[in-house]
Amino acid sequence: MWCNLTHKPDYIKTVKINPDANFEVKLFDCNDSEIDKTKLSAGEKEIYAISLLWALVKVSGKKLPIVIDTPFGRLDSIHRENLVTKYFPKASHQVILLSQDEEIVGRYYDLIKPCVSKAFTIENLNGTSSIQRGYPLLIKLKINMKDRIKISELASYHLHVVKRNLKFSGNADDLIPLRIAFGRSLQVNKKPEVPETDQETQEKLKTQKRKELQLTTFEQGQGLIFQALLSQKYQRKIEDDEYVDMITQHIEHGLWVIYNDTDKIKGYDYLVRIVPQMNDLDTPFADFRSSSEKDGILKVKIGTDKQTQKSIEYQINIANNPHFGIIGGSGSGKTYFLKHLLREIRQNSDYNTHFVIFDYKDGDIAKDESFVQHTMAEVINIKEKPLPLNIFAGAESNEREQIERANRIVEIVQNVEASIGKVQEQNLYNAILQAYQEASPYPDFRIVRNILQEINPRPDSLTSVLRPLVDLNYFAENTELIYGTWTNKTLIIDIHELESNKELVCFFVLNQIHTELKRLGVASVHPISGARQLRTVIVIDEAHYFLDHPKRSKILAKMIKDVRSSGGAIILASQSPDDYDTAESDFLELLEFPIILKSTPKSHKFLEQKFSLKSQEAKDMLQELGKLERGEAYILFENKPVLVKLT
């Protein structure tokens with residue numbers, strides 16, 4: 001049985017069953033050495049169990065119906081095909097398969113279809129299950145006679161202008177700009193509303209006819225894709241009776257956005273700007289050139305030298321490392337400059353370099369609509385919806401990866417929270433591995449917490465750490481949509497209203513990006529300039545919450561060292577140079593670009609070491625920092641300190 005189902009038929013040569021020891025089953029390999037069944041992979045264990053049950057049915061000599069729930073479990077494609085062709089049709093005179101909607105579909109269904117007598121689909125509607133004949137049941141959109149999209153006179157006017165600005169012409173081209181408008185509305189991550197018109201626009205509308213088209217024309221046979229996009233945006237199922245209204249709202253909103261966007265940049269140049277870039281692909285470096293240069297060097301304007309009045313810019317991806325330390329107290333202009341820097345990085349990389357910023361303190365960055373629009377960022381407010389991240393995903397099919405993932409999660413929780421002991425660490429590790437076995441397709445924090453409560457029903461420090469992650473829905477559950485990759489996303493993660501676990505949330509996101517960058521490997525280097533492709537920038541505001549904690553700063557320092565070669569950059573924004581003076585890690589050496597605005601540090605050590613100053617010179621600069629005007633800063637330029645007026 002094993003040989004029929006597995007792609008390693010020679011792995012198990014002999015099977016021995018001891019009737020005197022509770023029918024214990026022992027497996028032996030080709031060398032007659034006993035195989036430790038606990039070391040079989042999850043897929044191998046499933047094939048072994050199926051083979052054993054199949055053998056028992058055969059030797060019993062009885063006709064027994066077999067019911068198989070979630071038949072594919074954790075199996076790879078070879079095992080799945082073997083089951084469909086060699087086991088399901090022969091397992092018994094009657095086999096009942098309870099398949100999920102993404103299991104026996106496509107090619108697998110075509111293979112087994114000749115052996116299927118009857119098929120049904122169970123659909124849950126409003127809490128009630130109904131059974132319908134046919135497999136799979138193709139659910140079609142029921143539009144209830146509402147099969148036409150009618151956009152307003154204002155949207156029709158915007159469409160007229162958008163077609164001109166994007167260099168479309170004629171009525172036959174309506175479909176393309178309308179679909180672009182729908183996508184643009186989803187992309188800007190704003191509520192799909194169109195402001196009231198001004199008097200001038202109202203006059204132009206008097207001769208404007210209302211546009212109308214069929215829904216099927218707009219969809220072009222891809223209705224389920226549009227419904228899936230809306231479901232992803234709103235994180236819920238979009239009902240049929242609201243589908244057309246939502247599409248219409250997003251089309252009108254998108255036309256308004258493009259109408260305003262194309263005031264200055266038009267045609268193909270605009271379309272290139274709004275298309276998401278796939279930085280996680282192994283693309284030649286030439287595709288990542290900046291818009292103004294051909295050498296791959298990413299330049300950003302920093303400010304003006306106060307003494308010479310010369311403009312200063314940094315070439316951030318040819319330096320020893322691309323990491324920044326932006327330091328300044330309240331009212332110094334730190335946040336303003338940080339946003340300027342991110343705008344420069346996005347625009348001068350032709351939007352190929354992304355960023356992820358944690359809006360830690362006031363939510364001011366997330367509320368800045370101009371910044372969000374110009375950087376084409378997505379805002380995620382964790383108080384309103386969970387992060388589209390499941391840190392357990394990606395290891396569900398490999399037992400070794402599950403062990404590594406469990407160890408990593410335990411390490412992060414222990415180091416960031418520092419309130420759990422050895423017993424809690426082991427309990428968490430065991431709970432995660434058990435959750436992988438019980439949950440499909442992968443676990444989530446709710447499942448892990450429930451298992452922990454079974455292991456230890458009494459509340460302890462570990463359950464107090466996990467409680468807000470679960471009860472306040474910080475992270476996506478295993479049934480919710482998640483991002484496939486984070487390194488090609490430009491995100492503002494608003495965490496300023498979280499009551500607790502801010503640092504833990506940040507570190508789980510940082511770990512996800514760190515892992516992805518390592519998986520992507522070494523970033524491309526320009527053959528002439530030596531400029532390294534910069535994939536993403538991670539911004540940590542209020543960095544003292546990380547730096548003043550020994551274990552957190554150690555993890556952060558390791559990440560800063562690792563990500564440079566993979567095309568990652570770190571920006572640490574904090575209030576004082578003193579924050580970077582840690583015993584565990586030498587952040588002075590890790591940050592290539594220090595930007596020090598008005599602040600009142602207690603020590604001159606940072607200045608002395610980072611700017612290569614003598615002790616008295618550093619003390620003098622220490623006094624000057626407290627006298628700086630808003631937007632003034634000392635920077636390191638050509639290996640010496642320079643006082644600048646920041647851009």
Side-chain angles (χ1 to χ4, degrees), residues 141 146 148-166 168 173-197 201 210-215 217-220 222-240 242-267 269-277 346 351 366-381 384-385 388 481 483 488-492:
L141 298 175
K146 192 174 182 180
R148 302 187 76 81
I149 297 175
K150 300 177 182 179
I151 62 175
S152 66
E153 289 86 354
L154 176 60
S156 300
Y157 169 69
H158 288 157
L159 175 61
H160 170 74
V161 178
V162 164
K163 286 170 63 178
R164 181 189 66 206
N165 290 349
L166 295 183
F168 292 104
D173 292 320
D174 283 355
L175 177 62
I176 297 174
L178 288 174
R179 297 182 92 185
I180 293 173
F182 174 79
R184 184 74 178 112
S185 177
L186 295 179
Q187 188 183 48
V188 299
N189 200 39
K190 294 180 180 178
K191 187 177 180 182
E193 293 181 346
V194 179
E196 295 182 4
T197 61
T201 305
R210 185 184 180 103
K211 287 281 185 179
E212 181 177 307
L213 73 156
Q214 288 187 342
L215 176 67
T217 302
F218 177 78
E219 293 177 336
Q220 290 189 325
Q222 300 177 41
L224 291 176
I225 293 178
F226 286 98
Q227 195 173 32
L229 289 171
L230 289 168
S231 298
Q232 183 180 30
K233 178 175 178 63
Y234 293 100
Q235 299 294 300
R236 63 179 178 84
K237 180 182 178 182
I238 303 302
E239 301 298 337
D240 298 338
E242 60 181 339
Y243 174 61
V244 178
D245 288 338
M246 278 192 170
I247 282 186
T248 305
Q249 289 172 10
H250 280 288
I251 288 175
E252 295 194 350
H253 175 238
L255 288 170
W256 173 76
V257 172
I258 299 174
Y259 170 79
N260 288 279
D261 284 351
T262 53
D263 181 47
K264 295 181 179 179
I265 180 171
K266 305 181 187 301
D269 289 338
Y270 174 73
L271 295 176
V272 169
R273 288 287 181 94
I274 66 173
V275 174
Q277 303 296 321
R346 288 286 283 157
Y351 296 84
K367 296 173 186 175
D368 188 339
E369 293 190 3
S370 175
F371 174 73
V372 173
Q373 182 174 353
H374 280 92
T375 58
M376 297 184 184
E378 177 186 355
V379 177
I380 301 178
N381 187 332
E384 297 177 357
K385 66 176 183 179
L481 295 169
Y483 289 152
N488 67 343
K489 300 288 190 300
T490 300
L491 304 173
I492 302 170

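Note that these values count all heavy atoms, side chains included, but never hydrogens, waters or copies made by symmetry.
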For [X], side chain to side chain contact (heavy atoms under 4.5 Å, CB included) partners two or more places apart:
| X | result |
| --- | --- |
| Ala181 | Leu255, Ile258 |
| Asp368 | Lys339, Arg343, Ser370, Phe371 |
| Lys367 | none |

task = Spell out, as yes or no, whether a donor-acceptor pair under 3.5 Å connects the side chain of Arg184 to the backbone of Gly254.
result =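 It does not hold such a pair.
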
inquiry  = Test your reading of the model: is there a side-chain donor-acceptor pair from Glu252 to the backbone of Ser152, 3.5 Å cut-off?
reply    =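 Confirmed, Glu252 side chain pairs with Ser152 backbone.
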
Side-chain contact test, heavy atoms from C-beta onward, threshold under 4.5 Å: evaluate it for [X] versus [Y] and give yes or no.
| X | Y | value |
| --- | --- | --- |
| Phe182 | Leu230 | yes |
| His158 | Ile151 | no |
| Asn381 | Lys385 | no |
| Glu378 | Ile380 | yes |
| Val162 | Tyr157 | no |
| Ser185 | Ile251 | no |
| Tyr351 | Thr490 | no |

message = If we count only N and O atoms by modelled type, under 3.5 Å, do the side chains of Asn260 and Gln373 hold a donor and an acceptor together?
response =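 Looking only at side-chain atoms, Gln373 and Asn260 do not form any donor-acceptor pair under 3.5 Å.
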
For the [atom1] atom of [X] and the [atom2] atom of [Y], what is their distance to the nearest 0.5 Å?
| X | Y | atom1 | atom2 | value |
| --- | --- | --- | --- | --- |
| His250 | Leu229 | NE2 | CG | 10.0 Å |
| Tyr259 | Leu154 | OH | CG | 8.5 Å |
| Gln249 | His253 | CD | NE2 | 10.5 Å |

message = Go through it in stages, so that I can follow the logic: the residues are Lys150 and Thr248, the test is side-chain contact (heavy atoms from CB on, under 4.5 Å), and I'd like the CA-CA distance, side-chain angles, deciding distance and then a yes or no.
response = CA-CA 7 Å; Lys150 300 177 182 179; Thr248 305; over 6 Å; no

is_close_aromatic(Tyr243, Phe226), centroid dist under 6.0 Å = no

request  = Carefully, step by step, assess Tyr483 and Leu491 under the rule side-chain contact (heavy atoms from CB on, under 4.5 Å).
outcome  = CA-CA 12 Å; Tyr483 289 152; Leu491 304 173; 4.0 Å; yes

inquiry  = Test side-chain contact (heavy atoms from CB on, under 4.5 Å) on Gln187 and Val257; report intermediate values, then the result.
reply    = CA-CA 10 Å; Gln187 188 183 48; Val257 172; over 6 Å; no

